[in-house]
Q: 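First, the structure itself, so that you have it in front of you.
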Amino acid sequence: MAALEARHPSISMTATLIMSKNARLMSFLTLARHCRKRNDLREDGPAAGQGQSPRPCPSSIFNEEIDTMPNRSMKQDDPLDDFTRREITLDGIAKAVFVTGAGPAVIVMAEMPGISPHVARFARWVRDAGFAVYMPSLFGRDGAVPGAEEGAAVFQRACVSAEFRAMTSNESSPVTKWLRALARLAHAECGGPGVGAIGMCFTGNFALTMMLEPAMLAPVLSQPSLPLNNPAGLEIASDEIKAVRERLDRENLTVMGYRFAGDKFCMAQRFAAYSQALGDRFVGRVLPDSAANADLAPFFARHVPTPHSVVTAHLIDEAGQPTIVARDEILAFFRWRLAGGRKIGGPDVAAGATR
């Protein structure tokens, strides 16, 4: 086991995610063995069926101003009362999706362990920048402050879910097919040139796989953490990343990526693998660890020992902070691709960030 941890530091770091003081949860390494050996734990989803019918955006696509969100505490559960909760069925699979705003659509995919107040805050920033946000509930308790043990249990279940490939390189998570259908639906409902998407942590790579959907134009990978057991692995099938690269070249598109320098869940090897696969179509930003917020929810305080969540839990909400500059660059990227805005600047737009 020690040798395995030495070869794959992410296993050692991630082990804390499913350990409790009472040892009531399975260790990460044991779970990893189950993920590798017990594929029968995966459950097949419902049979494919008719997708959701598009419906028009509720208001003007490009020009409606959206009120700035009120100041909300990041230490209390978020009621998400300024979102509309929709039950959306695509390919025979129903999921809750929280929708808000008007404009070209951006899909915001939560990090582990779910739609936290920090994730909802980022979604509101996207909304207030002039976009319609579609935020699917993929795991966890919607709006909850991430608790240490509750979050670890969510993580444990996700690792053996049929929808995700937490431990497998060169294979795409099945849930990305549903997410591609969601992008198609969002584009039909909201119009505009296309759709943007951001994935974070467990969902970090999903926006890349979603580029197989023609409506997708603006993918952002924030601290993409899968596969957990291979720092240099990519959670996308080989033929799919080849198809994505061909599309990026053909349509002159780019993929944005963000991580902290000392992140043990998304290490330098992963960004190197993206660069090798995508060439200069991948634009990676690396923020200094000193730019990370240290006032964390219990899940992050106990289980995430290094800076990790660039635009959510580890973001410092102060003007000029590298995480705020990174957030603004992401919004500018969406604006450039989806709303005819100005192209983002040079390689070091985020203060303190490196490529």
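This structure is a prediction, so every number in the text was calculated from the model and none was measured. Side chains are part of it too, since the values below use all heavy atoms of this structure and drop only hydrogens, waters and symmetry mates.
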Q: With a 4.5 Å cut-off on side-chain heavy atoms, are Met211 and Glu251 touching?
A: no

Q: Verify whether one side chain among Asn205 and Tyr274 offers a donor that lies under 3.5 Å from an acceptor in the other.
A: yes

Q: Would Leu296 end up clustered with Met74 when hydrophobic side chains under 4.5 Å apart are linked, directly or stepwise?
A: no

Q: Among Met135, Arg127, Arg124, whose side chain to side chain contact (heavy atoms under 4.5 Å, CB included) with Thr100 holds?
A: Arg127

Q: Decide yes or no on side-chain contact (heavy atoms from CB on, under 4.5 Å) for Leu212 and Val244, but give the supporting numbers first.
A: CA-CA 6 Å; Leu212 295 168; Val244 169; 4.0 Å; yes

Q: Do Ile330 and Tyr258 make a side-chain contact, defined as non-hydrogen atoms from C-beta onward lying under 4.5 Å apart?
A: yes

Q: Salt-bridged, Glu213 to Arg184, with N to O below 4.0 Å?
A: yes

Q: List the steps and the verdict of side-chain contact (heavy atoms from CB on, under 4.5 Å) for Asn293 and Thr323.
A: CA-CA 9 Å; Asn293 171 43; Thr323 48; over 6 Å; no

Q: If I compare all heavy atoms of Pro305 with all of Phe265, which pair ends up nearest, and what's the gap?
A: CD-CE1, 4.2 Å

Q: I need the minimum non-hydrogen distance between Gly151 and Pro113, along with the two atoms involved.
A: CA-CB, 3.6 Å

Q: Compare every heavy atom of Val311 with every heavy atom of Trp125, then report the nearest pair and how far apart it is.
A: CZ3-O, 4.2 Å

Q: Among Leu248, Val283, Asp249, which residue meets the side chain to side chain contact (heavy atoms under 4.5 Å, CB included) test with Leu278?
A: Leu248

Q: Carefully, step by step, assess Thr168 and Glu235 under the rule side-chain contact (heavy atoms from CB on, under 4.5 Å).
A: CA-CA 7 Å; Thr168 306; Glu235 191 258 355; over 6 Å; no

Q: Quick check against the 3.5 Å criterion: does Ser173 have a side-chain atom that pairs as donor or acceptor with the backbone of Val175?
A: no

Q: Consider side chain to side chain contact (heavy atoms under 4.5 Å, CB included). Of Pro174, Cys159, Pro227, which one does Arg165 pass it with?
A: Pro174

Q: Just so I know, are the side chains of Phe206 and Pro224 near enough to count as touching, which here means a heavy-atom distance under 4.5 Å?
A: no

Q: Just to verify, what does Pro298 make a side chain to side chain contact (heavy atoms under 4.5 Å, CB included) with, not counting sequence neighbours?
A: Val145, Ala148

Q: A side-chain contact here means heavy atoms from C-beta on lying under 4.5 Å apart; do His118 and Phe300 qualify?
A: no

Q: Nearest 0.5 Å, please: how far is OG1 in Thr203 from CZ in Phe164?
A: 8.5 Å

Q: Measure the spacing between CE of Met112 and OG of Ser309 and express it to the nearest 0.5 Å.
A: 11.5 Å

Q: I'd like to know if the side chain of Arg247 and the backbone of Pro214 have a donor-acceptor N/O pair within less than 3.5 Å.
A: yes

Q: With a 4.5 Å cut-off on side-chain heavy atoms, are Met109 and Pro136 touching?
A: yes

Q: For the pair His314 and His308, name the ring-plane relationship: parallel under 30°, tilted 30 to 60°, perpendicular over 60°.
A: perpendicular

Q: Is the shortest side-chain heavy-atom distance between Val133 and Phe122 below 4.5 Å?
A: no

Q: Are Phe139 and Phe155 an aromatic pair, judged by ring center distance below 6.0 Å?
A: no

Q: Check whether any side-chain N or O of Asp289 sits under 3.5 Å from a backbone N or O of Phe260 as a donor-acceptor pair, and report yes or no.
A: no

Q: Can Arg270 and Asp263 be counted as an ion pair, charged N to O under 4.0 angstrom?
A: no

Q: Taking only Lys NZ, Arg NE, NH1 and NH2, and the carboxylate oxygens of Asp or Glu, determine whether Arg121 and Asp78 approach each other closer than 4.0 Å.
A: no

Q: Please give me the minimum heavy-atom distance between Ala277 and Leu234, naming the atom from each residue.
A: CB-CD1, 4.3 Å

Q: Starting from the C-alpha separation in whole Å, work towards a yes-or-no answer on side-chain contact (heavy atoms from CB on, under 4.5 Å) for Met210 and Ile107.
A: CA-CA 10 Å; Met210 290 169 68; Ile107 297 171; 3.7 Å; yes

Q: Mind listing the closest non-hydrogen atom pair of Glu111 and Gln223 along with its distance?
A: OE1-NE2, 3.2 Å

Q: Measure across Ala120 and Phe83 and return the closest heavy-atom pair with its distance rounded to 0.1 Å.
A: O-CZ, 4.2 Å

Q: Do Leu90 and Lys177 touch side chain to side chain, with heavy atoms closer than 4.5 Å?
A: no

Q: Should Arg337 and Thr254 count as side-chain neighbours, where that means a heavy-atom distance under 4.5 Å?
A: yes

Q: I would like to know whether Asp81 and Arg72 meet salt bridge (Lys or Arg N to Asp or Glu O under 4.0 Å); could you show each step before the answer?
A: CA-CA 12 Å; Asp81 49 5; Arg72 296 173 183 260; 3.3 Å; yes

